[in-house]
Amino acid sequence: MSDLRPTTAPNRPTLLGVSLKLYLDLDRSAAWARGVADVARRHPAVADGRVRLFALPSLPALPAVREALAGTRVELGAQDLSMHDRGAYTGEISGADLAAAGCRLVEVGHVERRLGFGEDEDTVRAKLQAAVRNGLTPVLCVGEHERVSPVDAAAASTAQLASALDGLRASEPAELIVAYEPVWAIGMPDPAPAEHIAEVVAALRHGLDGDRRFASVSVLYGGSAQHGSLSALGGIVDGLFLGRFAHDPAELARIVDEATTPGN
Ligand SMILES: O=C(CO)COP(=O)(O)O
């Protein structure tokens with residue numbers, strides 16, 4: 001079992017990302033964003049950059065969420081993009097258009113797309129390249145599907161990471177956010193155990209060590225992440241990738257408070 005000593009640099013910001021998935025309709029997405037804007041304005045740690053927030057609403061909610069977050073430091077992103085930028089691709093979403101619409105980040109490779117929409121490793125790789133090509137920071141999701149030992153989970157997750165990054169050529173060193181999301185822990189009452197997360201995150205960091213394509217790499221934990229997760233993880237991760245447990249802005253505010261507690 002690996003120990004739980006912090007592996008993040010002490011002065012790095014804590015990164016808290018929230019995906020709304022398809023849970024909230026347009027009105028509720030906008031109301032949520034107004035609540036998050038309020039948290040960002042009120043909270044000194046967000047204002048001074050110790051906590052970095054990003055929000056990934058559903059696509060039709062992007063304009064309203066962007067408007068609600070205007071003037072705050074909350075970064076905007078999308079949950080998916082096309083591997084294509086332009087052409088005869090009916091229904092696809094160009095990364096170039098996402099960037100022009102105010103997105104800074106885009107999620108790639110979430111298991112709900114891998115399994116639910118048949119996105120294989122080639123698709124994930126092409127989408128990651130499209131993100132970087134368009135100056136969007138990929139939030140690359142990796143994680144084992146079944147509950148296996150931490151060693152096997154690390155092997156599965158690092159293989160997904162290597163496959164997604166294979167062949168990537170970044171003209172400018174890009175930012176990369178990796179979200180470790182064990183599939184068996186998504187949509188549950190509780191996150192995966194801290195020792196399990198620690199071992200996989202250490203392996204992911206090792207896989208990214210010295211990768212010159214990236215100016216900065218952050219590794220987040222997602223999968224029923226909630227208030228209490230940062231304290232349990234004690235600085236092992238750079239932050240959390242949140243779902244349901246941040247769909248109430250008051251809960252997100254509690255997690256921001258937790259992020260500024262010494263030791264987290
Ligand atoms: O998949 C997730 C974030 O992308 C996690 O969702 P939940 O926190 O709702 O399990």
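Both ligands and their constituent atoms are indexed starting at 1 by order of listing.
In terms of N/O distances under 3.5 Å, ligand 1 is not approached by Ser19. Considering both main-chain and side-chain atoms, Gly222 never comes within under 3.5 Å of ligand 1 through any nitrogen or oxygen pair. Backbone and side-chain nitrogen or oxygen atoms of Glu112 are examined, and none is located within less than 3.5 angstrom of a nitrogen or oxygen of ligand 1. In terms of polar-atom proximity, defined here as any N/O pair under 3.5 Å, Tyr23 makes no such contact with ligand 1.
Ion pairing of Arg86 with Asp97 is present here, as a side-chain N (NZ or NE/NH1/NH2) and a carboxylate O approach within less than 4.0 Å.
Between the side chain of Asn134 and the backbone N or O of Leu136, no donor-acceptor pair lies under 3.5 Å.
Once rounded to the nearest 0.5 Å, the distance linking CG of Leu128 with CE of Met83 reads 12.0 Å.
What sits closest to atom 6 (O) of ligand 1 on the protein, heavy atoms only, is Lys21 NZ, 3.2 Å. Protein heavy atom closest to atom 10 (O) of ligand 1, with residue, atom name and distance, is Gly187 N, 2.7 Å. Protein heavy atom closest to atom 8 (O) of ligand 1, with residue, atom name and distance, is Ser224 N, 3.1 Å. From the protein, the heavy atom lying nearest to atom 3 (C) of ligand 1 is Glu181 OE2, 3.0 Å. Atom 9 (O) of ligand 1 has its closest protein heavy atom at Arg244 NE, 2.6 Å.
Ligand 1 has no atom lying under 4.0 Å from any heavy atom of Gln226. Note on ligand 1: Phe245 sits outside its first shell, no heavy atom being nearer than 4.0 Å.
Remark: the Ser171 side chain and the Arg133 side chain contain no N/O donor-acceptor pair separated by less than 3.5 Å. Ser163 and Arg125 share a side-chain donor-acceptor pair at under 3.5 Å.
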Please report, to 0.1 Å, the donor-acceptor pairs under 3.5 Å made by any side chain of residues 100-110, with sequence neighbours excluded.
{"residue": "Arg104", "atom": "NH1", "partner": "Glu75", "partner atom": "OE1", "Å": "3.3"}
{"residue": "His110", "atom": "ND1", "partner": "Glu112", "partner atom": "N", "Å": "2.9"}
{"residue": "His110", "atom": "NE2", "partner": "Glu181", "partner atom": "OE1", "Å": "3.0"}

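The Ile186 neighbourhood of ligand 1 comprises atoms 1 (O), 10 (O), with distances under 4.0 Å to a heavy atom of that residue. Per-residue contacts place Gly243 under 4.0 angstrom from the following atoms of ligand 1 (heavy atoms of the residue considered): 6 (O), 7 (P), 8 (O), 9 (O).
Considering all non-hydrogen atoms of both residues, Ile255 and Phe245 come closest at CD1-O, 4.1 Å.
Using the six-membered ring where Trp is involved, Tyr89 and His84 have ring planes that are parallel, under 30° apart on the 30 and 60° scheme.
His247 meets the ring-ring contact (aromatic ring centres under 6.0 Å, His included) test with Tyr23; sequence neighbours excluded.
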